[in-house]
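We count ligands from 1, going down the list as the structure has it; atoms in each ligand are counted the same way. All of these numbers come straight from a predicted model, not from anything done at the bench. When a residue number appears, it is its place in the shown sequence, counting from 1.
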Amino acid sequence: MVDVLSPLARARAFCETFGLRLPILMAPMAGACPASLAIAVANAGGLGGCGALVMKPEAIRAWAAEVRAQTNGNFQINLWIPDPAPQRDPTHEARVREFLGQWGPPVGPEAGDVLPVDFAAQCEAVLDVGPAIVSSIMGVYPRSIVGRMKDKGIRWFANATTVAEAREAVAAGADVVVAQGMEAGGHRGSFEAERPDTAVVGLFALLPAVVDAVGDRVPVVATGGIADARGIAAALVLGASAVQIGTGLLRTPEAKIPTAWADAIGKSQPEDTTPTRAFSGRLGRSIATAYVKAANAPGAPKPAPYPVQRGLSQAMRDAAAKANDIDRMQAWAGQSARLATTEPAADLVTRLWSEAQALLTMGSSQHS
Ligand SMILES: Cc1cc2nc3c(=O)[nH]c(=O)nc-3n(C[C@H](O)[C@H](O)[C@H](O)COP(=O)(O)O)c2cc1C
């Protein structure tokens, strides 16, 4: 029989280790993690998050300074581990540009030349800022960076989408594994960029498998499709020590996302979201908007690799954000989108944890 008290004990131990009052992490969300959201979550006792993918060193420092000034400093900074440089194909890119031109402004050939922010410079900025927690997605940090993080007492939370990735992360020195199910909104953190879109694992299968594989060495955080107390309680029963919530926080006032996106999140059933490479070239889960459906349809040109596709789709995405047009917007969302509420973020995480605790203790009082 499952011991219903052990999930709570596990969550409390995690909170104690990381100085939290509740085991809820704000997902690091590149482009959707304003300091205001991290401040609200951290002050409620959870962990704030910064998805620093597109942030230059100055922006990383400024974000951390703002959050530190208004909280106890409980936040994670997240970086993408870079993929090898993409293979360019100008003939195919021309087809993609033509397709995108039907959805937004004309796209010139130079649009695909976008370069990611210098990863080494981002790592230096993060080490300099010295947050309590640094996280990774799409791979593991180089050994030298891991060594320097450890020297500074920074803990490393590594996102993993398979058991093999979880094992690789722990072998590389990760202190916590974040098991990301395929329900998750936004980019899927496969270590392999071209991993087939069919090779995806749902959280109900992934989480206990990761816990069985590495849970004796490191705590496991669950993420993907968790947006209410039932999801939190289920994740803890399946072996997680905490949960990480992305989409579930995006409708809060502190998230400050375009209203068309926030409204669409509230109306999306699980089947209304879909994995797509159409925004960036990397697989991510989005609301199945008109553009995403057209780009995913047979006959549409295959998206260019990351980050080329991100550059090619930039003009359309910018125009859509300006016009608050959901059909062309980069509208990432996880499968539990409809559960997201518009409460202030601090009220939301406080309520979710109190309801999850009630669910986890419900049976125990009857049997004691
Ligand atoms: C808008 C958005 C941006 C995201 N950006 C990042 C990112 O930069 N780094 C990262 O590790 N995960 C990123 N994610 C994934 C989240 O960390 C997390 O895995 C996901 O939100 C969990 O699923 P949920 O949205 O159903 O809660 C992003 C998710 C969203 C919704």
When you look at T259 and N324, which way does the side-chain hydrogen bond (donor to acceptor under 3.5 Å, both in side chains) test go after all the steps? CA-CA 7 Å; T259 53; N324 201 29; 2.7 Å; yes

May I ask you to check whether [X] has an N/O atom sitting below 3.5 Å from an N/O atom of ligand 1?
| X | result |
| --- | --- |
| T247 | yes |
| S136 | no |
| A184 | no |

Are side-chain N/O atoms of [X] and [Y] paired as donor and acceptor at under 3.5 Å?
| X | Y | value |
| --- | --- | --- |
| T273 | R285 | yes |
| T341 | E343 | yes |
| Q76 | Q244 | yes |

Below 4.0 Å from any atom of ligand 1, is there a heavy atom belonging to [X]?
| X | value |
| --- | --- |
| S336 | no |
| G189 | no |
| G248 | no |

[X] with [Y]: basic N within carboxylate O range, under 4.0 Å:
| X | Y | value |
| --- | --- | --- |
| D118 | K56 | no |
| E355 | R351 | yes |
| R148 | E124 | yes |

For [atom], find the nearest protein heavy atom and state the residue, atom name and distance (0.1 Å precision).
| atom | result |
| --- | --- |
| atom 21 (O) of ligand 1 | G246 CA, 3.4 Å |
| atom 1 (C) of ligand 1 | W332 CD1, 3.6 Å |
| atom 14 (N) of ligand 1 | P28 O, 3.6 Å |
| atom 9 (N) of ligand 1 | N78 OD1, 2.9 Å |
| atom 18 (C) of ligand 1 | T223 OG1, 3.6 Å |
| atom 5 (N) of ligand 1 | A30 N, 3.1 Å |
| atom 16 (C) of ligand 1 | A27 CB, 3.6 Å |

When the aromatic ring centroids of F119 and W80 are compared, is their separation below 6.0 Å? no

F279-Y306 aromatic ring centre distance below 6.0 Å: no

Residue portion contacting ligand 1 (non-hydrogen atoms closer than 4.0 Å) for I137: side chain

Q180 contact mode with ligand 1 (heavy-atom cut-off under 4.0 Å): side chain

Atoms in ligand 1 flagged as close to G225, the criterion being non-hydrogen separation under 4.0 Å: 23 (O), 24 (P), 26 (O)

ILVMFWY network linking L238 to L8, side-chain heavy atoms under 4.5 angstrom: yes

Which option, G186, G185, A333, G334, owns the non-hydrogen atom nearest atom 15 (C) of ligand 1? G185

